[in-house]
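Chain naming here is simple, since letters A, B, ... match the order of the sequence lines and numbering starts at 1 in each.
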Amino acid sequence: MTETVVTRFAPSPTGFLHIGGARTALFNWLYARGRGGKMLLRIEDTDRERSTKEAIDAILDGLTWLGLDWDGEAVYQFARVERHRAVVEEMLTAGTAYRCYCTPEELEAMREEARREGKKRLYDGRWRDRDPADAPAGIKPAIRLKAPLTGETTVDDQVQGRVTWQNENLDDFVLLRSDGTPTYMLAVVVDDHDMGVTHVIRGDDHLNNGARQTQIYQALGWNVPVFAHIPLIHGPDGSKLSKRHGALGVDAYRAMGYLPQAMRNYLVRLGWSHGDQEIFSTEEMTDAFDLPQIGRSPARFDFAKLESLNGHYMREAADIDLVGEIKRVLPHLAAGAALAAKLTPDMEAKLVAAMPSLKERAKTLVELLEGAKFLYADRPLPLDDKAAALLTVEARKLIRDLVPALAALADWTSTATEQAVRVFAEERGVKLGAIAQPLRAALTGRVTSPGIFEVLQLLGRDESLARLNDQAVQGAVPATA
RNA sequence: GCGCCCAUCGUCUAGCGGUCUAGGACGUCGCCCUUUCACGGCGAAAACAGGGGUUCGAGUCCCCUUGGGCGCACCA
C-alpha cells in the first residue's frame, strides 16, 4: 500500500501572497492533487510582532482567487506552542538538546570573532557540555540542539539532488528561545511531523534549513519527509524580485486584469516544463506535474509572456464567462466604477454580444474594459487626439451625406450597413477605408475598434445615427478662420 | 568571510554521449489577410559563459575560472 501524499503550503503572514509564494502553493497543490493526496495550509504566525490579520486574509483570498484549495482547516502555528515546548522538553530529557545561558552580547561577540577568523561555526557550543551547576542565576536559558560534531548531513532533494553538508559547518542552533517560544526551525519540524506531511515543497532559500531540520528529525527519531526545494523567481534583470518587478501581491495581478487560469499556466511553466507543451488545462497540469522535471536555476519574471497567455485564455473563454469575469473583478479595478454604474441587463447583453471581437483585441480584462468603453460611453462622445485629427471637414461632410442612406435602411444589421456604405463609397469614388475610418472615429471616439459594421450593429440604429449626427452637424458648419 | 545551489536564443525552456547544421513558446523584425487595431497564417534574426580534461565522439560526464543566486539570528 502506497503512502498517501500530504503536502503543505506554509506562509508566514507578514505580508501579501507574492508571486513566488503563489507558485510554491501551486506546486504543492498540483503535486497533491495529481496523486490523490492532500494539501494542507499552515499559517506560520509565530512571529507575533510581524504577523497580521490583514496578511492572513490576503493570503487566503489570493489562494482562493487562484483556485488553490486546501484540505481541512488552516493550522495556526502559534496555537501549537505547548506542543513545541513539550517536544523540546523531551529532547532535553533525551540529551539531544541543552540549555545555553549566553547573553545576546556574548553571542554577538562570538559571531564577530568567528567571522573575522573565518571559522565555520558562529556559535562555539560553550554550554554544550558544561555542568548545569555553572548556570548563572537569573538568566533564562535558550535551548539549543546538540547537533552532531562530525560526519555529514545530507538531504536527498527531489529537485536539487543529493546535497551534503559537513556537520562541522553546522552549529547548535536554537530550538526554544529564552522566553519559551519555539523557533521556526523547531516548529516546522514538529508541525510537519504532526500533520503527517510527506512532501515538503518550498523555495530553495530553505535548502540550508533542510539540513538543520534533518538534524532535528534525526534527534527525534522521526522520519524525514521528502524535500523539494524549488528555485526562486527573480526580477526581469535577474536580481531579486522587487515591487517594481513583480513582487506584488496576487491581488495586484487580479487588479491588472489577469485571469487565474492564465496565472496558473504562467507560473507552472516557470521552472517546470513538460516537453514543448506551453498551454495546460488544470487537468493536464495535475496529470503531468512532477518534481524531477523542475529545473534548478532561477527563472526571471516576464510580464510579456504572462500577457500573451492571458490573451490566449481570454480568447478561449466563453463570452458569457468573460463578462462574468469582468463583473467579478470590477470592484478590484481602478476603472471599474465607470462600468459598474452602467451595468444594466441590457448593457450586459451588449457586452456579451461584443465579446467575440473585443476579446481578441485585449490581453487583459483591463484592456477588455477599455475596448468596450465605446459601448457605454455617453454622448457627445469624447474624441481622442487621433480620432479628432481624422474627422476633417471633408470627413464630416462624408458622414453627413452618408447618414440619410443609413437612416433609410430597413434592417439595421452589419450586412445591411456594410452594403449601404460600400455602395456609398463607390458612388463617391472613395475607398472603403476613407469612409470607414471617419465612421469609426465618430462612432467610437477612437481610430481602433472592432469591425465598423459590427460596431454599428452593436450600437443600434438610434445611438449610431445620433453619434454620427453629433459629428456631421459640426462638419456642416465648418469653423473657418 | 564561511556554506550551499545554479549557468542553452533578450526571456521561459526542450535536450538526459552520437538522431543537434541545437527544437518549442513569448518577445522582436518582415510578408500575407484586411475598413482600423487585433486575431490568424507564413517566414527571419537570435543561444550551448570561458578554459582544461574524459571519450572514437560532449550542449549532454569531470575539474577550474568567471558570472549569478540563496543561506549563515533567541526572523520566518
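Distance, A:Gln277 CD to B:rC26 C1': 16 Å, rounded to whole Å. Distance A:Lys363 NZ to B:rC37 C1': 11 Å, rounded to the nearest Å. Atom CE in A:Met263 sits roughly 19 Å away from atom P in B:rC26 (whole-Å rounding). Distance A:Gln160 CD to B:rA7 C1': 13 Å, rounded to the nearest Å. In this entry the distance linking NE2 of A:His312 with P of B:rG27 reads 13 Å, nearest Å. Taking atom CD1 of A:Ile279 as the reference point, atom P of B:rC12 lies 18 Å away to the nearest angstrom. The nearest whole Å value for the distance from the CZ atom in A:Phe78 to the P atom in B:rA76 is 12 Å. Between the P atom of B:rA76 and the CG atom of A:Leu175 lies a distance of 12 Å, rounded to the nearest Å.
Using a 4.0 Å heavy-atom cutoff across all strands shown, A:Thr183 reaches sugar-phosphate atoms only and no base atom. At the heavy-atom level, A:Pro450 lies under 4.0 Å from base atoms of the strands shown. At a threshold of 4.0 angstrom between heavy atoms, the contacts of A:Arg440 include nucleobase atoms, whether or not backbone atoms are also involved. Note on A:Phe173: nothing from the nucleic acid sits closer than 4.0 angstrom, heavy atoms only. Nucleic acid contact class of A:Ser357 (heavy atoms, under 4.0 Å, all strands): none. As judged by a 4.0 angstrom heavy-atom cut-off over every strand, A:Ala142 is placed among the base-contacting residues. At a threshold of 4.0 angstrom between heavy atoms, the contacts of A:Ser12 are confined to the sugar-phosphate backbone, with no base atom among them. Nucleic acid contact class of A:Arg202 (heavy atoms, under 4.0 Å, all strands): none. Among the heavy atoms of the strands lying under 4.0 Å from A:Glu44 are primed sugar atoms or P, OP1, OP2 only; no base atom is included.
B:rC9 and B:rU60 are spaced 14 Å apart, taking the P atom of each and rounding to whole Å. Taking the P atom of each, B:rU54 and B:rC62 are spaced 15 Å apart, rounded to whole Å. B:rC26 and B:rU65: their C1' atoms are spaced 33 Å apart (whole Å). Of the C1' atoms belonging to B:rG3 and B:rC48, the separation is 29 Å, rounded to the nearest Å. Between the P atoms of B:rA47 and B:rG59, the separation comes to 15 Å (whole Å). Annotation: B:rC6 and B:rU13 have their C1' atoms spaced 15 Å apart (nearest Å).
Listed by chain and number, the residues in a salt bridge (charged side-chain N to carboxylate O under 4.0 Å, His left out) with A:Arg99 amount to none (sequence neighbours excluded). A:Asn169 is linked by a side-chain contact (heavy atoms from CB on, under 4.5 Å) to A:Lys120, A:Gln166, counting only residues two or more places apart in sequence or in another chain.
Taking all atoms of both residues into account, the shortest heavy-atom contact from A:Ala387 to A:Gly445 is CB-O, 3.2 Å.
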Protein-nucleotides 14-16 of chain B N/O pairs closer than 3.5 Å?
from, atom 1, to, atom 2, distance (Å)
B:rA14, OP1, A:Ser273, OG, 2.8

Protein N or O to nucleotides 40-47 of chain B N or O, pairs below 3.5 Å:
from, atom 1, to, atom 2, distance (Å)
B:rG40, OP1, A:Arg315, NH1, 3.2

Could you list the protein-to-nucleotides 65-73 of chain B atom pairs, N/O on both sides, closer than 3.5 Å?
from, atom 1, to, atom 2, distance (Å)
B:rA73, OP2, A:Arg115, NH2, 3.3

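Contact of the A:Leu468 side chain with the A:Leu443 side chain is registered, since non-hydrogen atoms from C-beta on lie closer than 4.5 Å. At a threshold of 4.5 Å between non-hydrogen side-chain atoms, the residues A:Ile230 and A:Asp204 do not count as touching.
Judged by a 6.0 Å distance limit and a 45° cone about the ring axis, A:Arg48 is positioned over the six-membered ring of A:Phe78. A cation-pi arrangement, defined by a distance under 6.0 Å to the six-membered ring centre and an angle within 45 degrees of its axis, is absent between A:Arg269 and A:Phe280.
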Inset, instruction - List the steps and the verdict of side-chain contact (heavy atoms from CB on, under 4.5 Å) for A:Ile294 and A:Phe289. - result: CA-CA 9 Å; A:Ile294 298 174; A:Phe289 185 80; 3.9 Å; yes

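Residue-environment remark: CD1 (A:Ile320) stays at or below the threshold of 12 foreign heavy atoms within 6.0 Å. The number of heavy atoms from other shown groups lying within 6.0 Å of CG (A:Asp179) is above 12.
Taken residue by residue, residues 161-168 of chain A places heavy atoms nearer than 4.0 Å to RNA chain B at A:Val163, A:Thr164, A:Trp165.
Toward the 5′ end of RNA chain B lies the nearest nucleotide of A:Glu454, the other residue of the pair A:Glu454 and A:Thr181 mapping further downstream. Projected onto RNA chain B by closest heavy-atom contact, A:Ser449 and A:Gly271 fall at different nucleotides, the more 5' of which corresponds to A:Gly271.
Between the side chains of A:Gln77 and A:Arg80, not a single donor N or O lies within less than 3.5 Å of an accepting N or O. No hydrogens or angles considered: a donor-acceptor pair under 3.5 Å links the side chains of A:Asp172 and A:Tyr98. Judged purely by distance below 3.5 Å, without hydrogens or angles, the side chains of A:Gln457 and A:Ser414 pair a donor atom with an acceptor atom.
When distances are taken from the side chain of A:Asn169 to each of B:rU11, B:rG3, B:rU35, the shortest belongs to B:rG3.
Judged by distance alone with a 3.5 Å cut-off, a donor-acceptor contact links the side chain of A:Arg361 to the base of B:rC37.
Put simply, the side chain of A:Thr183 gets close to the backbone of A:Val174: a donor and an acceptor are under 3.5 Å apart. Here the side chain of A:Asn28 pairs a donor or acceptor atom with the backbone of A:Thr24 at under 3.5 angstrom.
Between A:Arg269 and the phosphate of B:rU11, there is no side-chain N or O to OP1/OP2 separation shorter than 4.0 Å. The phosphate of B:rA76 has neither OP1 nor OP2 within less than 4.0 Å of any side-chain N or O from A:Thr14.
Ring planes of A:Tyr217 and A:Phe227: perpendicular class, angle over 60° (limits at 30 and 60°).
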